[in-house]
Visitor: 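Quick one: this structure, given as structure tokens, is what I'll be asking you about.
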Amino acid sequence: MGVAAGPIRVVVAKPGLDGHDRGAKVIARALRDAGMEVIYTGLHQTPEQIVDTAIQEDADAIGLSVLSGAHNTLFAAVIDLLRERDADDIMVFGGGIIPEADIAALKELGVAEIFTPGATTASVVDWVRGHVRESAGS
């Protein structure tokens, strides 16, 4: 995980084939405006690309945006890859069109938080500040 001092570093990613990234860009901008360092990966990223980026960028967290309905598969793949690469201290959170019925299972996999439509940018920023800093020890 990234160093505890300095700004929180977050990779914001759009895994899979979903081509709609407005929400991811809004969250990336909100996190940036709140003083965090944000690396936006762009559209159509594979779980491998996302995890590689997070490790290379010394990220504290990965924020995934999924609207395609493939959230169970994509979140699980990212979590599994982080574990395989001994990088499971990088916190994963996400949002998008994720049914309420799937949220508990995603959290059981290791996803720290899920933000559904209607979540405010302030709530995402506050959550990242509180939870990533707690786990980073600062």
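Side chains included, hydrogens not; waters and symmetry mates left out as well; all remaining heavy atoms used. Residue indices begin at 1 and follow the sequence shown.
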Visitor: Would you name the heavy atoms of Gly63 and Val10 that are closest together and state the gap between them?
Guide: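 Where Gly63 meets Val10 most closely, the heavy atoms are N-CG1, 4.2 Å.
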Visitor: From Asp88 CG over to Asp80 CG, what is the distance, rounded to the nearest 0.5 angstrom?
Guide: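 One finds 10.5 Å between CG of Asp88 and CG of Asp80.
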Visitor: Over all heavy atoms of both residues, which pair between Val125 and Ala30 is shortest? Give the atoms and the distance, please.
Guide: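 Closest heavy-atom pair between Val125 and Ala30: CG2-O, 3.7 Å.
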Visitor: Let me check something: any side-chain donor-acceptor pairs from residues 105-119 under 3.5 Å, sequence neighbours excluded? List them with distances.
Guide:
from, atom 1, to, atom 2, distance (Å)
Lys107, NZ, Glu113, OE2, 3.1

Visitor: Supply the atom-to-atom distance Ile55 CD1 to Glu57 CD, rounded to the nearest 0.5 angstrom.
Guide: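 That separation rounds to 11.5 Å.
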Visitor: Mind listing the closest non-hydrogen atom pair of Pro7 and Asp60 along with its distance?
Guide: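 Smallest heavy-atom distance, with atoms named: O-OD2, 4.0 Å.
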Visitor: Keeping to residues at least two apart or across chains, list the salt bridge (Lys or Arg N to Asp or Glu O under 4.0 Å) pairs with something in residues 117-128.
Guide: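 Those involving residues 117-128 do not exist here.
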Visitor: Tell me the closest heavy-atom pair linking Thr53 and Thr41, and the distance in Å.
Guide: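 Closest heavy-atom pair between Thr53 and Thr41: CG2-CG2, 4.1 Å.
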Visitor: Working to the nearest 0.5 angstrom, can you tell me the gap between His20 NE2 and Lys25 NZ?
Guide: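 With rounding to 0.5 Å, NE2 (His20) is 12.5 Å from NZ (Lys25).
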Visitor: Any pair with a residue in residues 28-38 that passes side chain to side chain donor-acceptor pair (under 3.5 Å), sequence neighbours left out, goes on the list, sorted by first then second residue, please.
Guide: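 Passing the test, one end in residues 28-38: Arg9-Glu37.
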Visitor: Taking side chain to side chain contact (heavy atoms under 4.5 Å, CB included) as the definition, give me every residue that meets it alongside Ala77, ordered by chain and number, with sequence neighbours left out.
Guide: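 Listed in chain order: Pro47.
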Visitor: Would you say Val12 and Ile39 make side-chain contact, with heavy atoms under 4.5 Å?
Guide: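 Val12 does not reach Ile39 side chain to side chain.
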Visitor: Looking only at non-hydrogen atoms, find the nearest pair between Asp18 and Ser68 and report the distance.
Guide: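 Where Asp18 meets Ser68 most closely, the heavy atoms are CB-CB, 3.9 Å.
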Visitor: If you look only at pairs with a residue in residues 49-77, which of them pass as a ring-ring contact (aromatic ring centres under 6.0 Å, His included), with sequence neighbours excluded?
Guide: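 Residue pairs passing ring-ring contact (aromatic ring centres under 6.0 Å, His included), neighbours aside: none found.
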Visitor: With sequence neighbours excluded, tell me which residues meet side chain to side chain contact (heavy atoms under 4.5 Å, CB included) with Ile50.
Guide: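 Scan of Ile50 (side chain to side chain contact (heavy atoms under 4.5 Å, CB included), adjacent residues dropped) gives Ala13, Pro15, Gln45, Ile62, Leu64.
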Visitor: Looking at residues at least two apart in the chain, or sitting in another chain, which of them share a ring-ring contact (aromatic ring centres under 6.0 Å, His included) with Tyr40?
Guide: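 For Tyr40, no residue satisfies ring-ring contact (aromatic ring centres under 6.0 Å, His included) once neighbours in sequence are set aside.
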Visitor: Enumerate the salt bridge (Lys or Arg N to Asp or Glu O under 4.0 Å) contacts for residues 40-54, please, sequence neighbours excluded, ordered by first and then second residue.
Guide: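 Qualifying pairs, neighbours excluded: Asp52-Arg85.
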Visitor: Once ring-ring contact (aromatic ring centres under 6.0 Å, His included) is applied, what residue pairs with a partner in residues 92-111 remain, sequence neighbours excluded?
Guide: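 Qualifying pairs, neighbours excluded: Phe93-Trp127.
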Visitor: Val26 and Thr121: side-chain contact (heavy atoms from CB on, under 4.5 Å), yes or no, with the steps?
Guide: CA-CA 8 Å; Val26 167; Thr121 55; 3.6 Å; yes
Visitor: Starting from Ile97, walk the hydrophobic network (Ile, Leu, Val, Met, Phe, Trp, Tyr; side-chain heavy atoms closer than 4.5 Å) and list everyone else you reach, by chain and number.
Guide: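 Direct or chained contacts put Ile97 with Leu67.
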Visitor: Not counting sequence neighbours, which residues clear side-chain hydrogen bond (donor to acceptor under 3.5 Å, both in side chains) with Thr73? List them please.
Guide: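 Once residues adjacent in sequence are excluded, Thr73 has no partner under the side-chain hydrogen bond (donor to acceptor under 3.5 Å, both in side chains) criterion.
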